[in-house]
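Inspection log for the structure reproduced underneath, given as structure tokens.
Computed from heavy atoms alone, side chains included, the values below leave out hydrogens, waters and symmetry copies. Lettering of chains follows the sequences in order, A, B, ..., and the numbering in each one begins at 1.
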Protein chains: 2
Amino acid sequence: MLTFLARNKLIILYGTSLALLLFLVKWLELRFLIINHASEVYIGAIAVLFTALGIWLALKLTKPKIETVVVEKAIYIASTDFVLNENELTKIGLSKRELEVLQLIANGLSNQEIASRLYVSLNTVKTHSSKVLEKLDVKRRTQAIEKAKRLSLIP
Amino acid sequence: MLTFLARNKLIILYGTSLALLLFLVKWLELRFLIINHASEVYIGAIAVLFTALGIWLALKLTKPKIETVVVEKAIYIASTDFVLNENELTKIGLSKRELEVLQLIANGLSNQEIASRLYVSLNTVKTHSSKVLEKLDVKRRTQAIEKAKRLSLIP
DNA sequence: CCCCCGTTCATCCTTTCGGGTGATTTTTCG
DNA sequence: CGAAAAATCACCCGAAAGGATGAACGGGGG
């Protein structure tokens, strides 16, 4: 019931207004029929009155347009956690020992220092280091470091 | 003159319309005075006509109001942009050239490749490289890279 | 004018890295 | 169990990096 009133609010308003207007017209018509020689004033009044009514109705009936503007707001997230890229690791085929040596190289250790750290000989480290360069398809350890970080093999 | 017209555009338009309406009213009045017994129809027609005219005028004279609603949409972006740590750079005292060479070392270039890139001799690059190691207080370029990244001197 | 700093370049020498070749031992997997 | 892969080790040699020393030049500031 209330929804019916709300939905048809404009129609009811317009209908009531027209009914009132017709009543007003009839009433004015009867009064001016008595004063017969004043018909020109009567007509002029009606013209102005109903023009104003039309303007009022038009302003009431037009709804303002609603325009939605979407503004994208960038929120930056610092990503500092390293996650090993297992896919790349499998693809490149580094062994556990080779990856270990690569990490120590990237930490700035010399071959001899790595050998001491891992309790192996310098020759062993050189062998692993060479395999790392070969599998990463690079020419020197600085390139290996850069590529391994880029591929998320080392942090 | 033109500004007067532009500023009073509505007034002039409304006045002209009213003049036209009065003319129309007078004209209709003369025609319906001839057919005297049809005064009721005449009045009804005037009422409807001028209501429509008012509506038309209102639509022409008023622009529809546009209401703008701004909606913010959050977009999350991982922050990968490097920001140089100027404090550390000043503290360590690397020159522009030295920093440039360090960056190229970290990109995996050999000394000879850096020399070609910068149009200088290999000796010049070795000199800068040595100064970089000295100022960073490290023993080899892999250590320099690691430290420079840690201190946000290079991306 | 002198001093300092940055840039460039050279030379000599040492150390480290990287390529190549080969072998042995250990571990993993079908 | 046997084959393949991984790990370990050795040796030779050249390339590259790094240390030390020195010099020349230009620009800026006192």
Do you know which of A:K135, A:H128, A:K131 makes side chain to side chain donor-acceptor pair (under 3.5 Å) with A:E98?
A:K135
Compare every heavy atom of B:G108 with every heavy atom of A:T142, then report the nearest pair and how far apart it is.
OG1-CA, 3.5 Å
Rounded to whole Å, CD of B:E100 lies from C1' of C:dT7 at a distance of 12 Å
Without decimals, in angstroms, what is the distance between B:E134 CD and D:dG19 C1'?
11 Å
Give me the atom names and distance for the closest heavy-atom approach of A:L151 to A:I92.
CD1-CD1, 3.6 Å
Just how far, in rounded Å, is C1' of D:dC9 from CG of A:N123?
6 Å
For the pair made of CG in B:L99 and P in C:dG6, what is the distance, rounded to whole Å?
13 Å
Return the polar atom pairs (N/O with N/O) between nucleotides 15-18 of chain C and the protein under 3.5 Å, or none.
residue, atom, partner, partner atom, Å
C:dC17, OP1, A:R141, NH1, 3.4
C:dC17, OP2, A:N111, N, 3.3
C:dG18, OP1, A:R141, N, 2.9
C:dG18, OP2, A:R141, NE, 2.8
C:dG18, OP2, A:R141, NH2, 2.9
C:dG18, O6, A:K126, NZ, 3.1

Minimum side-chain heavy-atom gap A:N111-A:R141 below 4.5 Å:
yes
To the nearest angstrom, how far is A:I114 atom CD1 from D:dA7 atom P?
15 Å
Evaluate the side-chain proximity of A:R117 to A:V125: yes if any heavy-atom separation is below 4.5 Å, no if none is.
no
Taking only the side-chain nitrogens and oxygens of A:S121, find out if one of them lies under 4.0 Å from OP1 or OP2 of D:dA10.
yes
Hey, does the side chain of A:S95 come within less than 4.0 Å of D:dA7's phosphate (OP1/OP2), counting only N and O?
yes
Would you name the heavy atoms of A:L118 and A:E100 that are closest together and state the gap between them?
CD2-OE2, 3.5 Å
Figure out the NZ/C1' separation between A:K96 and C:dT28, and round it to whole Å.
12 Å
What is the distance, to the nearest angstrom, from the NZ atom on A:K135 to the P atom on D:dA5?
11 Å
Rounded to whole angstroms, how far apart are CG on A:L118 and P on D:dA6?
18 Å
